[in-house]
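Below: the structure, in structure tokens.
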Amino acid sequence: MTKVSLEGQVAVVTGAARGVGELLARKLSARGAKVALVGLEPEALKEVSERLHGESGFWYADVTDHEAMAQVAAEVKERFGKVDIVVANAGVANGGPFVESDPVAWRRVIEVNLIGSAVTARAFLPVLMESRGYLLQIASLAAITPAPMMTAYCASKSGVEAYAHSLRAEVGHKGVRVGVGYLSWTDTDMVRGADQDEVMRELRQRLPWPSNKTYPLGPAVDRIVAGIERRSGHVYAQWWLRGMQGVRGYLPGIIGAVGQREMRRFEPRLKGVGKGLVGAGGAADEQRQQGISP
């Protein structure tokens, strides 16, 4: 597929204060894009914006807030004159047994990852139609395979994958391309936060290779940038994820059998595992919900 130069393109990245979003913004900027950063941590967003190579701006907004995101879309269009690329990257996670999970945190994972992605697209699709642009929805290995102790995250990422595929069919004739990005465990604040729980860390280490590794952030984001340049329908941040598509139909049965064995092994240690959102990004979202000023 032909690569599109990012020079002079206007890219919007949600969840841009840290992790995948931050590094993606930096790499898009280094290739000549003007970048609009969206997130819940204004000081961190400001620091990211100041380090970018070219023109940029940052907006404090909750991706689940329709009015706020519509305003962001209008202000980004006014500031830069157009929008060519939108990366719906904002996300949070929790973990632990479903039956003991915090229902507020569980619901919030669905709200941010799935509803927030739809709100982002709803806000920016009109300007993407004007530019015949590209929407990249960040999903996960969790969209391809289920995993015990990750019910909300798997549900949300399966949801955004299905939603993005449906949206692709709706807007393609209007010139908008829609891609889905897949990442395995990547060295971000979210993954490090999940690994702080001993049981979650051990359970992940017992996954089969290559899904039991934590992968470096840089090469993963390089692959995402390459996907954006090609306006790809599927973007794989780790090389082996493409191959998972061919076997995904078998995975629920395999995970169901193996997962039961592992959960029986960890049962005595599960009390108190995973009661809230993980990582600094999760903490920022919880502060937002509690009305604490950033």
Side-chain angles (χ1 to χ4, degrees), residues 13-25 37-45 47-48 58-65 68-69 87-98 100-120 137-143 147-160 181 183-201 203-204 214-215 217 220-221 237 270 272-294:
V13 181
T14 67
R18 60 184 69 253
V20 171
E22 176 195 2
L23 187 56
L24 179 59
L37 311 165
V38 182
L40 290 178
E41 299 169 83
E43 288 302 317
L45 291 169
E47 291 176 8
V48 175
F58 64 95
W59 281 261
Y60 169 76
D62 182 338
V63 294
T64 68
D65 185 329
M69 290 302 290
V87 183
N89 168 72
V92 294
N94 73 334
F98 171 74
E100 296 176 7
S101 62
D102 176 356
V104 174
W106 200 98
R107 179 186 290 268
R108 188 60 184 166
V109 173
I110 303 295
E111 288 175 346
V112 174
N113 298 3
L114 177 54
I115 306 302
S117 295
V119 170
T120 298
Q137 173 61 59
I138 299 298
S140 169
L141 171 63
M149 310 269 276
M150 292 177 58
T151 52
Y153 194 74
C154 287
S156 70
K157 291 303 186 178
S158 295
V160 295
L183 294 91
S184 184
W185 304 93
T186 304
D187 187 20
T188 63
D189 168 79
M190 180 188 291
V191 171
R192 289 191 296 270
D195 277 353
Q196 289 178 1
D197 187 288
E198 183 180 357
V199 172
M200 293 296 292
R201 183 175 66 251
L203 190 61
R204 184 163 73 84
T214 297
Y215 291 86
L217 182 60
V221 174
L270 292 181
V273 173
K275 293 299 183 183
L277 303 179
V278 301
D285 190 85
E286 288 178 335
Q287 288 181 354
R288 157 79 178 181
Q289 300 316 304
Q290 295 164 8
I292 300 172
S293 299

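Computed from a predicted structure; not experimentally measured.
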Step-by-step side-chain contact (heavy atoms from CB on, under 4.5 Å) determination, Asn94 to Arg108: CA-CA 9 Å; Asn94 73 334; Arg108 188 60 184 166; over 6 Å; no
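- Atoms CD and CG, from Glu22 and Leu45 in turn, are 9.5 Å apart once rounded to the nearest 0.5 Å.
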Verdict with reasoning, Leu183 to Val20, per side-chain contact (heavy atoms from CB on, under 4.5 Å): CA-CA 10 Å; Leu183 294 91; Val20 171; 3.9 Å; yes
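- Going from atom CD1 of Ile138 over to atom CG of Asn113 covers 11.5 Å, rounded to the nearest 0.5 Å.
- More than 12 heavy atoms of other residues, nucleotides or ligands sit less than 6.0 Å from atom CZ of Arg192.
- Under a 3.5 Å cut-off, the side chain of Gln137 and the backbone N or O of Val160 do not form any donor-acceptor pair.
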side-chain contact (heavy atoms from CB on, under 4.5 Å) between Arg288 and Asp65, intermediate numbers included: CA-CA 12 Å; Arg288 157 79 178 181; Asp65 185 329; 3.8 Å; yes
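- Ser184 and Leu141 make their closest contact through OG-CD2, 3.7 Å (heavy atoms, listed as atom of the first residue, atom of the second, distance).
- Between the CD atom in Glu47 and the CG atom in Leu37 there is a gap of 12.0 Å [rounded to 0.5 Å].
- Among all heavy-atom pairs drawn from Tyr153 and Ser140, the shortest one is CE2-OG, 3.7 Å.
- Between the CG atom of Leu23 and the CG atom of Leu217 there is a distance of 5.0 Å, given to the nearest 0.5 Å.
- Closest non-hydrogen pair, Lys157 versus Ala143, comes out as O-CB, 3.3 Å.
- Here OG1 of Thr214 is found 10.5 Å from CZ of Arg201. Values are rounded to the nearest 0.5 Å.
- The shortest non-hydrogen separation linking Glu286 to Leu277 is OE2-N, 3.2 Å.
- With hydrogens and angles ignored, the 3.5 Å screen pairs a side-chain donor or acceptor of Thr14 with a backbone N or O of Ala90.
- Residues meeting the side-chain hydrogen bond (donor to acceptor under 3.5 Å, both in side chains) test with Thr186, sequence neighbours left out: Gln238.
- Residues passing the side chain to side chain contact (heavy atoms under 4.5 Å, CB included) test with Ala44 are Ala17, Glu41, sequence neighbours excluded.
- Judged by distance alone, the side chain of Ser158 and the main-chain N or O of Ala155 form no donor-acceptor pair under 3.5 Å.
- Asp189 places a side-chain N or O within 3.5 Å of a backbone atom of Gly281 that can act as its donor or acceptor partner.
- For Val119, the side chain to side chain contact (heavy atoms under 4.5 Å, CB included) test picks out His66, Met69, Ile115, with sequence neighbours left out.
- By the side chain to side chain contact (heavy atoms under 4.5 Å, CB included) test, Ala147 pairs with Met150, Cys154, sequence neighbours left out.
- Every residue was checked against the side-chain hydrogen bond (donor to acceptor under 3.5 Å, both in side chains) condition with Asn89, not counting sequence neighbours, and none meets it.
- In this structure, CG in Leu114 is found 11.5 Å from OG1 in Thr64, a value given to the nearest 0.5 Å.
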Val48 and Phe58: CA distance, side-chain angles, deciding distance, side-chain contact (heavy atoms from CB on, under 4.5 Å) verdict: CA-CA 9 Å; Val48 175; Phe58 64 95; over 6 Å; no
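- Listed here is the closest heavy atom pair of Val104 and Asp102: N-OD1, 2.9 Å.
- For the residue pair Pro42 and Tyr60, the shortest heavy atom distance occurs at CD-CD1, 3.7 Å.
- Legend: residues meeting ring pair (Phe, Tyr, Trp, His ring centres under 6.0 Å) with Trp59, ordered by chain and number and at least two apart, are absent.
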